[in-house]
Number of protein chains: 2
Amino acid sequence: MNARTNASAAAPMLDSHPGFERDEEGNCPIREVLDRVGDTWSLLVIINLQAAPTRFNALKRSIEGISQRMLTVTLRSLERDGLVRRTVRPTTPPEVEYALTELGHSIAVPVAALGIWAARNRDALKAARSRFDTGQL
Amino acid sequence: MNARTNASAAAPMLDSHPGFERDEEGNCPIREVLDRVGDTWSLLVIINLQAAPTRFNALKRSIEGISQRMLTVTLRSLERDGLVRRTVRPTTPPEVEYALTELGHSIAVPVAALGIWAARNRDALKAARSRFDTGQL
DNA sequence: CAGTATCCGCAAAGATACTG
DNA sequence: CAGTATCTTTGCGGATACTG
């Protein structure tokens with residue numbers, strides 16, 4: 001159960017902002033997307049796959065710190081949403097390759113834009129944060 | 001936990017993607033940003049403030065489903081990061097207005113880009129999802 | 001190699017009550 | 001009005017062990 005499964009009355013003026021309009025059920029698209037891709041590992045996986053299709057353990061080695069379980073879970077979730085395609089070659093040992101779909105590549109674009117913002121403003125964030133913290137002492 | 005320890009086997013080549021380069025501590029900027037803004041409520045608050053500066057309870061009414069506590073927590077966090085400015089007018093009853101800073105407005109841009117992607121592709125996601133789920137039965 | 005199956009801790013979020 | 005103070009619940013993600 002989720003906090004944003006709340007369908008009720010008062011319509012906020014969110015509708016003027018693209019991507020933030022509520023649908024019939026009261027959800028806004030960007031929240032849905034963030035709920036899928038805003039977790040700890042999804043974006044990291046997408047980015048790693050953007051470079052080239054990759055096999056399971058190679059991916060695991062690329063993404064420092066991810067557990068086997070979370071890689072599996074994340075990949076399943078992305079596959080489910082049509083962002084990643086899973087291809088099995090029935091050799092022994094089995095060979096499973098993961099690749100981005102068209103949809104997967106397309107989301108990488110706005111994500112990269114956010115990435116650029118992040119890279120450019122991380123210092124500003126850090127500065128603001130320490131300013132706030134010292135002022136708070 | 002260093003990201004570069006196994007550069008020999010599977011080079012992540014993350015460094016070619018803007019916003020995803022690891023820093024000295026092994027963090028990538030976009031992860032840091034998502035850790036701050038990728039939570040349940042931050043983006044919703046930012047978007048609501050993008051329209052106009054808003055007072056606490058008005059904000060609470062705009063954002064359907066947010067608890068008083070989470071609004072406070074979210075606003076503090078955004079203020080700490082320099083994305084939101086808090087202005088108190090010492091009247092009775094007190095009047096507190098929240099507004100986006102320049103930094104706050106600037107992040108709304110890439111966020112809107114992601115919002116547009118979300119709005120355009122939500123149906124594709126939903127379709128992929130139900131396709132996957134029925135295939136799984 | 002590429003996964004499943006469990007168990008569990010911890011932090012994020014919700015509910016509720018109270019205050020300057 | 002604009003918060004703070006607690007308490008409780010939820011669920012993500014880590015650790016570990018086992019399999020085709």
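Every chain is numbered from 1, with letters handed out A, B, ... down the list of sequences.
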Do R36(B) and L125(A) pass the side-chain contact (heavy atoms from CB on, under 4.5 Å) test, and can you show the C-alpha distance, the side-chain angles, and the key distance before you say yes or no? CA-CA 10 Å; R36(B) 295 184 158 65; L125(A) 282 193; 4.1 Å; yes
In this structure, how many angstroms lie between the [atom2] atom of [N] and the [atom1] atom of [X], rounded?
| X | N | atom1 | atom2 | value |
| --- | --- | --- | --- | --- |
| L75(B) | dG3(D) | CG | P | 8 Å |
| E95(A) | dG3(C) | CD | C1' | 15 Å |
| D35(A) | dT10(D) | CG | P | 18 Å |
| L71(B) | dA2(D) | CG | C1' | 10 Å |
| R76(B) | dA12(C) | CZ | P | 17 Å |
| I63(A) | dA2(C) | CD1 | P | 14 Å |
| E97(A) | dG3(C) | CD | C1' | 17 Å |

Given dT4(C), dA2(C), dC1(D), identify the nucleotide with an atom nearest to the side chain of R86(A).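 Given the options dT4(C), dA2(C), dC1(D), the side chain of R86(A) is closest to dA2(C).
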Report the nucleotide, chosen from dC1(D), dT4(C), dC1(C), that has the shortest atom-to-atom distance to any side-chain atom of N57(A).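 Shortest atom-to-atom distance from the side chain points to dC1(C).
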Please determine whether a side-chain nitrogen or oxygen atom of Y98(A) lies at a distance below 4.0 Å from atom OP1 or OP2 of dG3(C).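 Checking dG3(C) against Y98(A), a side-chain N or O does come within under 4.0 Å of OP1 or OP2.
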Just N and O in the side chain of R55(B): are any of them under 4.0 Å from OP1 or OP2 of dC1(D)?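 Answer is no, no contact under 4.0 Å.
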Side-chain heavy atoms under 4.5 angstrom apart, residues restricted to Ile, Leu, Val, Met, Phe, Trp, Tyr: same cluster for V96(A) and I66(A)?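 The answer is yes; both residues are in one hydrophobic cluster.
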Single-linkage hydrophobic cluster, 4.5 Å side-chain cutoff, V88(B) and L49(B) together: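 As far as the 4.5 Å side-chain criterion goes, L49(B) and V88(B) are connected within one cluster.
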Salt bridge flag under 4.0 Å for residues D35(A) and R31(A):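 Yes.
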Below 4.0 angstrom, N of the basic side chain to O of the carboxylate: do E32(A) and R122(B) qualify?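 Between R122(B) and E32(A) there is a salt bridge, with a charged N closer than 4.0 Å to a carboxylate O.
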More than 12 heavy atoms of other residues, nucleotides or ligands under 6.0 Å from CZ of R120(B): is that the case?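 Counting other residues, nucleotides and ligands, CZ of R120(B) stays at 12 neighbours or fewer.
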Searching all strands shown, indicate the nucleotide that pairs with dT4(C) (Watson-Crick or G-U wobble; both distances under 3.5 Å).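 Its partner is dA17(D).
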Now, which nucleotide makes the Watson-Crick or G-U wobble pair with dG9(C), with each of the two distances under 3.5 Å?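 Check on dG9(C): paired to dC12(D), both distances under 3.5 Å.
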Along nucleotides 13-20 of chain D, 5' to 3', which nucleotides get a B, which get an S, and which get a -, given that the test is a protein heavy-atom distance under 4.0 Å? BBB----B
Distance from S130(B) atom OG to R80(A) atom CZ, nearest 0.5 Å?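 Reported value, rounded in 0.5 Å steps: 9.5 Å.
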